[in-house]
Amino acid sequence: MTATAFPTPTPSATLALDVERLREDFPILSERVRGKQLVYLDNAATSQKPRAVIDAVTRFYSAENANIHRGVHYLSERATIAYDAVRGRVARFINASSPAEIVFTRGTTEGINLVAQSYGRSTLRAGDEILITGMEHHSNIVPWQMVAAQTGATVRAVPITDAGELDLDAFDRLLTERTRILAVVQLSNALGSINPVRWLVARARERGVVTLVDGAQSAPHLPVDVQALGCDFFAFSGHKVFGPTGVGVLYGRSELLERMPPWQGGGDMIETVTLEGSTWALPPARFEAGTPMIAEVIGLGAALSYVETVGREAIGAWEEELLAYATERVGALNGVRLIGTAREKASVLSFVVDGVHPHDVGAVLDDEGVAIRAGHHCAQPVMQRFGVPATARASFAFYNTRDEVDTLVRGLRRVRTLFA
Ligand code: C6P
């Protein structure tokens, strides 16, 4: 382990974001719920959509809807061009070296399952090990357990410290000559910890280990550069980056994608089909069987353009400030314990309130118009590690404000009063 694996936090750049102006781009943010102004702090579950995304999807269905890669008619050609253009936009967003490295999926979950069932199932053997961590979302645990059961491989997990950081000494011990795949989350949805992914990936690659990064939470909050990270695969979901549900991205390095077998068969993923057998199209088509989520991909393209227009550095700087403010204010409340106090964090504030079940915390806040998530966040091993059944989780996006944090704090005071 090296002391530089967790970089020293730098003071945030003073990049101005006109949050009040940007909020106007999101129609839902002016909604009232339960008679109160909505305070949406459940962005890790799904983000809200700017008008640019809503309009792109509406426009597609109103004026361009057709199937892609199949028709010779005008609409089909337009839809095909619009769909294929988004691949280039995604490649730029994460700095992939080519649009051919971008596979459209239904989301992070499907991307990881694709890698497990295609790359994993075709290469893993009995005795091999898949290394994950103790802070993974179920999406980055269960697919590996499934492929391990199919191949005789074993899943091992890097433990986490009391602060919610990876134990890097343990990582070094667990990365052995038996390790074949490292699958690690960049930003934990349950703790907010940012993992030193570049360092972990470099360590793994020195040993020839194939690496997958779960970018479901990092893509909306951190600048992502897959070439700088050095990972072989990177998965994220459209709906968390202000795009539609039902669409996601799997980045895969070309050399690997080209060697991988398809995991689903159907239209558009073949080169030739006879009744005796079939041959496969080149990636990414090889991994996109059937009619894809065309409108959603187009909406995703609009979302990424929107994020780039707002500015990812400015987003990061504002969110860092907001999380620091929320951490200070919520952390100062009597009877509130923060779960996840890593040195490097983004967007997520998980906590428990003494003597109050997180679901009750969520219900009281809901009554105040404040939307948070309460539960295990599909990260049950994290809950087990911290000895809690669940946590309450506020998760921020760039359109959240200090006033909204203050409303959250007032709501939490009410929780304490009601359950005292
Ligand atoms: N986490 C949350 O509330 P999908 O469902 O495929 O879009 O994303 C799965 C996923 C994978 N990895 C991480 C780190 C995630 O946070 C998620 C989704 C949501 O925390 C819904 S459970």
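First listed ligand is number 1; within each ligand, the first listed atom is number 1.
Checked against the 6.0 Å centroid criterion, the rings of H138 and H377 do not qualify as a close aromatic pair. Under the 6.0 Å cut-off for aromatic ring centres, Y251 and F93 do not qualify, their centroids lying 6.0 Å or more apart. F104 has its ring centre no less than 6.0 Å from the ring centre of F287.
A cation-pi arrangement is not found for R23 relative to F398, the charged atom failing to lie both closer than 6.0 Å to the ring centre and inside a 45° cone about the ring normal.
Residue contacts with ligand 1 for A45 involve both N, CA, C or O and side-chain atoms from C-beta outward (heavy atoms, distance under 4.0 Å). Neither the backbone nor the side chain of R106 comes within contact range of ligand 1; no heavy atom lies under 4.0 Å.
Using a 4.5 Å heavy-atom cutoff, the side chains of V353 and R416 are in contact.
Taking only non-hydrogen atoms, the option from T109, I112, N189 nearest to atom 9 (C) of ligand 1 is T109. Which of R373, H377, E136 comes nearest to atom 22 (S) of ligand 1 through a heavy atom is settled by distance: it is R373.
For E165 and R343, the salt-bridge test passes: some basic side-chain N is under 4.0 Å from an acidic carboxylate O.
The shortest separation from a heavy atom of D214 to ligand 1 is under 4.0 Å, placing the residue in contact. Residue contacts with ligand 1: K240 is included, with a non-hydrogen atom under 4.0 Å away.
The shortest N or O to N or O distance between E110 and ligand 1 is not below 3.5 Å.
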